[in-house]
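Atoms within a ligand are numbered from 1 in the order they appear, just like the ligands themselves.
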Amino acid sequence: MEIKTVVSDIDKIKAGAIIVNFFEEMKHLDGDIATVDKALDGAISQLISQGEIKGKLNEITIIHSQGKLPADRVAVAGLGKQPELTQDKVRGAVAETCRQLRQKGVDSVATAAQGAGIAGISLETAVQAVTEGVLLGTYTFRRHITKVAEHGEMKQFLIVTSHKTELSSLEKGCYKGRILAEATNLARDMVNEPANYMTPGHMADTATKLAETHGLEISVLEREQMQELGMGALLGVTQGSRQPPKFIILRYQGSHSAEIDMALVGKGITFDAGGISIKPSEKMEEMKGDMAGGAAVIAAMGALAQLKPKINAMAAIPCAENLPDSKAIKPGDILAAINGKTIEIISTDAEGRLILADALGYANKLGAKLMVDVATLTGACRAALGTVCSGVFGNNQGLVDKTIAAGAEAGELIWQMPMFEQYKEQNKSDVADIKNVGGRYGGAITAAQFLAEFVGDTPWVHLDIAGTSLSDKEQNYLVKGATGVPVRTLVNLALSLAQEEKGR
Ligand code: BES
Ligand code: MN
Ligand code: ZN
């Protein structure tokens, strides 16, 4: 899809459709919608007075212009009540509108910066939201479908202003929105890809390609190097699989210092059958997406390489399959992680925290100043928070707050979970330093407390995305399948941390 910013009046644009906005409780028409209504001889105001257009959020009305405008159609998109508008509602409405237009065979669309100047939304932010909306909302994953789609492709999307002075803001917002959305869609592609394609090796290849495209440093550790480093927990998990494990390390250097300002760690289990503690078969296919944390971290690094904040970031993605086999680890086995701590395996299905232990320990050993890990870690987190928000856990309230704020800006909701040290009791083992399951209750929290054993004193947050990495329906800018959460949160967080560094 080509996305362009142009200086023109919206009623002069030739396209399959132009989008104009209407708000609930709007008394009279002004701006673009008034101009377009006039050109259509009052067709819009008539629909409003007849109560067919109410301006409710995501209410979309498509009107044919019958030669009264250069554009073939006008889509009137409701944005709800003006004072309640958010950039996330703009993202969603643009997505819904573009999908409906695509369904009707429209392949070129033009819009103004929807929401700019309303409820504190800046022009640049509005354009960013519009850009993310169209790219995220029209995302499809059809690689393995041989039949051609019923709908065509959206080919061209124009963001229009009639003021030449606004063009640079339009371009900035469009640039950032495109990078964020494309990174999110890359993560979605990786998560949607089945496990027979998206193996640990393929994850490494994808990261390598991304690194070559955008100029990131990359190294991929093989089994032998994992052994040298003492990554006994990761090596334990991979034992039952024929796919060689990979430990992907990406580096983005945005400042001259040698320090790692931020380490991103992502769970890269390319399929989680549970191992010897095998999962029930119902919905097991969803476990092809158990590398969503790793995919998000890889994609976020690609976005950083393009947005170039003045910060150094490293990503560590341990990749492995978790399968049952005669060589697989067993409940009762004891593994030693990179920091020397020994772990009693209670369930081989609690594998995510094992590979993360080595990855967090690795980043910590390198002296990372701050760490963020992302993982589809526990069914318990999904049970607690549902599919609406991710859980965040941490040892540093400032960093937790910044992570939640970065998520809010992205429309990726995050809720903080408790880290009372009483929960640690549940992870105590009789035969090793710690065990990998802390019993039935508070499972998302005991998992986070397990990870805390491998981060030392480094400021750290853990995002549990088990409930948010997949969507079971098309909704706003989400489509069925992978959501790409929390790519945009991670990028926003890195940008805000870089901003802070600058202020110092
Ligand atoms: N990958 C799963 C968690 C998960 C569950 C992600 C549902 C997405 C949707 C993880 O490896 C796992 O199996 N966790 C176990 C932990 C238990 C054995 C302590 C779980 O949540 O049941
Ligand atoms: Mn598991
Ligand atoms: Zn898992």
**Request:** Look at the rings of Tyr423 and Phe420 and say which category their plane angle falls in: under 30° parallel, 30 to 60° tilted, over 60° perpendicular.
**Result:** parallel
**Request:** Check whether any side-chain N or O of Arg488 sits under 3.5 Å from a backbone N or O of Leu180 as a donor-acceptor pair, and report yes or no.
**Result:** no
**Message:** From the N, O or S atoms in Asp290, identify the one nearest to the Zn ion (ligand 3).
**Reply:** OD2
**Glu286 touching ligand 1 at heavy-atom level, < 4.0 angstrom** = no
**Prompt:** What do you think, any protein heavy atom under 4.0 angstrom from atom 22 (O) of ligand 1?
**Reply:** no
**Prompt:** Tell me, which N, O or S atom in Glu351 is closest to the Mn ion (ligand 2)?
**Reply:** OE1
**Message:** I'd like the name of whichever of Ile346, Thr468, Asp349, Asn322 reaches closest to atom 15 (C) of ligand 1 through any heavy atom.
**Reply:** Asp349
**Message:** Among the N/O/S atoms of Asp272, which is closest to the Mn ion (ligand 2)? Give the atom name.
**Reply:** OD2
**Message:** How large, to 10°, is the angle at the Zn ion (ligand 3) when you draw lines to OE2 on Glu351 and to NZ on Lys267?
**Reply:** 90°
**Prompt:** Would you call the rings of His144 and Tyr197 parallel, tilted or perpendicular, where under 30° means parallel and over 60° means perpendicular?
**Reply:** tilted
**Complete:** min-distance protein heavy atom vs atom 14 (N) of ligand 1 -> Leu377 O, 3.5 Å
**Request:** Just jot down the ligand 1 atoms closer than 4.0 angstrom to any heavy atom of Glu351, in number order.
**Result:** 11 (O)
**Prompt:** Does Arg353 come within less than 4.0 angstrom of ligand 1, counting non-hydrogen atoms of the residue?
**Reply:** yes
**Message:** Determine whether the aromatic ring centres of residues Phe247 and Tyr362 are separated by less than 6.0 angstrom.
**Reply:** yes
**Prompt:** Which protein non-hydrogen atom lies closest to atom 9 (C) of ligand 1, naming both residue and atom, and how far is it?
**Reply:** Met287 CE, 3.5 Å
**Asked** Can any side-chain N or O of Asn322 pair as donor or acceptor with the backbone N or O of Asp272 at less than 3.5 Å?
**Response** no
**Protein contact of atom 2 (C) of ligand 1 - nearest heavy atom, named by residue and atom, plus distance** = Asp272 OD2, 3.6 Å
**Message:** Given 3.5 Å as the limit, does a donor-acceptor pair link the side chain of Asn396 with the main chain of Val461, or not?
**Reply:** no
**Request:** Measuring from the Zn ion (ligand 3), name the closest N, O or S atom belonging to Asp272.
**Result:** OD2
**Prompt:** Where do Leu186 and Leu210 land on the side chain to side chain contact (heavy atoms under 4.5 Å, CB included) test, with the steps shown first?
**Reply:** CA-CA 10 Å; Leu186 169 64; Leu210 186 76; 3.8 Å; yes
**Prompt:** Taking the non-hydrogen atoms of Ser347, is any one of them nearer than 4.0 angstrom to ligand 1?
**Reply:** yes
**Item:** Whether Asp333 side chain and Glu344 backbone form a donor-acceptor pair below 3.5 Å
**Value:** no
**Enumerated ligand 1 atoms positioned under 4.0 Å from heavy atoms of Val437** = 19 (C)
**Request:** Please check if the side chain of Thr238 supplies one atom and the backbone of Ala320 the other of a donor-acceptor pair under 3.5 Å.
**Result:** no
**Prompt:** Ignoring hydrogens and geometry, is there a side-chain-to-backbone donor-acceptor pair from Ser471 to Thr483 under 3.5 Å?
**Reply:** no
**Request:** Please could you name the atoms of ligand 1 that Lys267 approaches to less than 4.0 Å, counting only its heavy atoms?
**Result:** 1 (N), 10 (C), 11 (O)
**Request:** Could you tell me whether a side-chain N or O of Asn395 sits under 3.5 Å from a main-chain N or O of Trp460, the two making a donor and an acceptor?
**Result:** yes
**Prompt:** Which ligand 1 atoms, with their elements, are less than 4.0 angstrom from a heavy-atom of Arg382?
**Reply:** 7 (C), 9 (C)
**Asked** Any idea which protein heavy atom is nearest atom 20 (C) of ligand 1, and the distance to it?
**Response** Gly379 N, 3.9 Å
